[in-house]
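In this chain, numbering begins with 1 at the start of the sequence shown.
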Amino acid sequence: DVFQICSGHRFFAPADGYLQEKGKELKRQWILDMLKRYGPCIQIAYMNEKPVAQNLFYPEESIPYINNPRKDVIYNKCLYILSPDVRGRGVGSALLKNLMDECHDGIKCLGGKPSLLLVTRVDWPSEGELPISRFYEKHGFKQGYHEMFLEIKGKYVLREIPEFRSLPEDRGRVILTFNIDCEWGLYAVTKIKELIQSKYPNLPFDIYNNWEKPEKYKNNPHLPLMAGSVVVNAQLIKNPFLFWFDQPAFMKCVDEAMQK
């Protein structure tokens, strides 16, 4: 059912089903591994017996590619509602409240213990009328360091996130990273590579799956913690989500990076 939600209402990729299926399989294996190691990490909402929304979350300690993860902290990765017809009807709020209650009373992916904090990031653009940050603020979240947080059983403690540093060895190449907890991660980096290569065919590319090669993040702190990163000619593309909504603007950012 989770794949019906993430793939059920997308305007792109009709001719790239093979990438979508490969991304689904990567995520399917990731879900099975998380179930085995930690327990359930996805909640699904239904209307008229059909899946309409999901909430993806997991312990911060389960993330292999970050340094100094906080103990008993739940990272709320993605709350996504399938269709505009469903948005604004309280489905997202119900999912988030259910997660908040479990974090307070004891959540399975922490072995039944309560969570100290519930944290999330709001880097991505909203597909609804309410900005993502305002949605979380409405439910009591506050702004932290590169994240929003809700105190459950503990006080907020920030986790240091390295700022981007330009490295000489990254000049003249492109670095793309993606997460397999999103079925569109592989699609994104593949299409970003194709788009950049259409104008810069001789650029070398390094592509990393953060969950399979966590040492790239741990050993190279110039990469920020995001759903995915795009580094061109040692310059961080600060808004990689432009690729999804405005590819000419995305390529303008690439051109500017190539000129530095």
Side-chain angles (χ1 to χ4, degrees), residues 1-9 27 30-31 34-35 37-63 69-159 179 181-184 225-227:
D1 286 352
V2 67
F3 295 112
Q4 293 185 45
I5 297 166
C6 288
S7 304
H9 189 73
K27 183 173 180 177
W30 176 84
I31 291 172
M34 293 295 285
L35 278 170
R37 294 170 58 199
Y38 298 98
C41 58
I42 299 177
Q43 296 175 347
I44 298 176
Y46 294 83
M47 291 183 68
N48 299 321
E49 300 183 352
K50 294 182 179 180
V52 296
Q54 68 146 23
N55 199 10
L56 174 66
F57 55 89
Y58 38 80
E60 190 172 272
E61 288 182 296
S62 71
I63 306 174
R70 293 163 293 193
K71 184 176 177 59
D72 296 336
V73 170
I74 294 296
Y75 174 45
N76 195 182
K77 171 64 183 289
C78 177
L79 199 165
Y80 184 74
I81 299 173
L82 170 63
S83 168
D85 295 336
V86 180
R87 296 176 191 140
R89 300 175 65 177
V91 176
S93 293
L95 275 175
L96 182 58
K97 186 178 185 305
N98 187 70
L99 177 59
M100 291 162 57
D101 289 344
E102 288 194 12
C103 284
H104 184 274
D105 298 334
I107 188 165
K108 290 181 179 179
C109 62
L110 287 180
K113 296 185 298 182
S115 172
L116 297 179
L117 299 170
L118 179 59
V119 301
T120 191
R121 299 198 62 176
V122 291
D123 314 89
W124 52 91
S126 173
E127 294 185 27
E129 295 182 0
L130 188 67
I132 295 176
S133 59
R134 286 287 298 115
F135 171 79
Y136 280 101
E137 285 174 358
K138 188 176 74 170
H139 292 283
F141 282 69
K142 299 178 181 179
Q143 188 65 51
Y145 181 66
H146 291 288
E147 64 187 357
M148 297 189 73
F149 69 91
L150 181 70
E151 295 178 337
I152 305 293
K153 294 288 187 176
K155 293 295 184 180
Y156 179 65
V157 177
L158 66 83
R159 188 182 65 79
N179 284 347
D181 60 9
C182 175
E183 67 198 66
W184 293 104
L225 172 60
M226 296 176 65

With a 4.0 Å cut-off, would you call Arg70 and Glu147 a salt bridge?
yes
Charged N to carboxylate O below 4.0 Å: is that the case for Asp181 and Lys77?
yes
Nearest-0.5 Å distance that lies between atom [atom1] in [X] and atom [atom2] in [Y]:
{"X": "Leu158", "Y": "His146", "atom1": "CG", "atom2": "NE2", "answer": "10.0 Å"}
{"X": "Leu117", "Y": "Phe141", "atom1": "CG", "atom2": "CZ", "answer": "10.0 Å"}
{"X": "Met34", "Y": "Ser62", "atom1": "CE", "atom2": "OG", "answer": "3.5 Å"}

If we ignore hydrogens and angles and just use 3.5 Å, is the side chain of [X] paired with the main-chain N or O of [Y] as donor and acceptor?
{"X": "Thr120", "Y": "Met148", "result": "no"}
{"X": "Ser115", "Y": "Val73", "result": "no"}
{"X": "Glu151", "Y": "Tyr156", "result": "yes"}
{"X": "Asp105", "Y": "Pro114", "result": "no"}

Stepwise, does the side chain to side chain contact (heavy atoms under 4.5 Å, CB included) test hold for Ile31 with Ile42?
CA-CA 9 Å; Ile31 291 172; Ile42 299 177; 3.6 Å; yes
Shortest non-hydrogen contact between [X] and [Y], atoms and distance:
{"X": "Leu118", "Y": "Asn76", "answer": "CD1-CB, 4.1 Å"}
{"X": "Ala53", "Y": "Leu95", "answer": "CB-CD1, 3.7 Å"}
{"X": "Cys109", "Y": "Pro40", "answer": "CB-O, 3.7 Å"}

Just wondering, do [Y] and [X] contact through their side chains at under 4.5 Å, heavy atoms?
{"X": "Gln43", "Y": "Phe57", "result": "yes"}
{"X": "Tyr75", "Y": "Pro69", "result": "no"}
{"X": "Val122", "Y": "Phe135", "result": "no"}
{"X": "His139", "Y": "Leu150", "result": "no"}
{"X": "Leu35", "Y": "Cys41", "result": "no"}
{"X": "Arg159", "Y": "Glu60", "result": "yes"}
{"X": "Lys71", "Y": "Pro59", "result": "no"}

Apply side chain to side chain contact (heavy atoms under 4.5 Å, CB included) to the pair Leu79 and Leu96, showing each step before the final yes or no.
CA-CA 8 Å; Leu79 199 165; Leu96 182 58; 3.9 Å; yes
Decide yes or no on side chain to side chain contact (heavy atoms under 4.5 Å, CB included) for Asp101 and Asn98, but give the supporting numbers first.
CA-CA 5 Å; Asp101 289 344; Asn98 187 70; 5.5 Å; no
Check the pair Leu110 / Ile74 against side chain to side chain contact (heavy atoms under 4.5 Å, CB included), numbers first and verdict last.
CA-CA 8 Å; Leu110 287 180; Ile74 294 296; 3.8 Å; yes
Whether Tyr58 and Trp30 hold their rings parallel, tilted or perpendicular, with breakpoints at 30° and 60°:
perpendicular
For Arg89, check salt bridge (Lys or Arg N to Asp or Glu O under 4.0 Å) against everything at least two apart and list the hits.
none
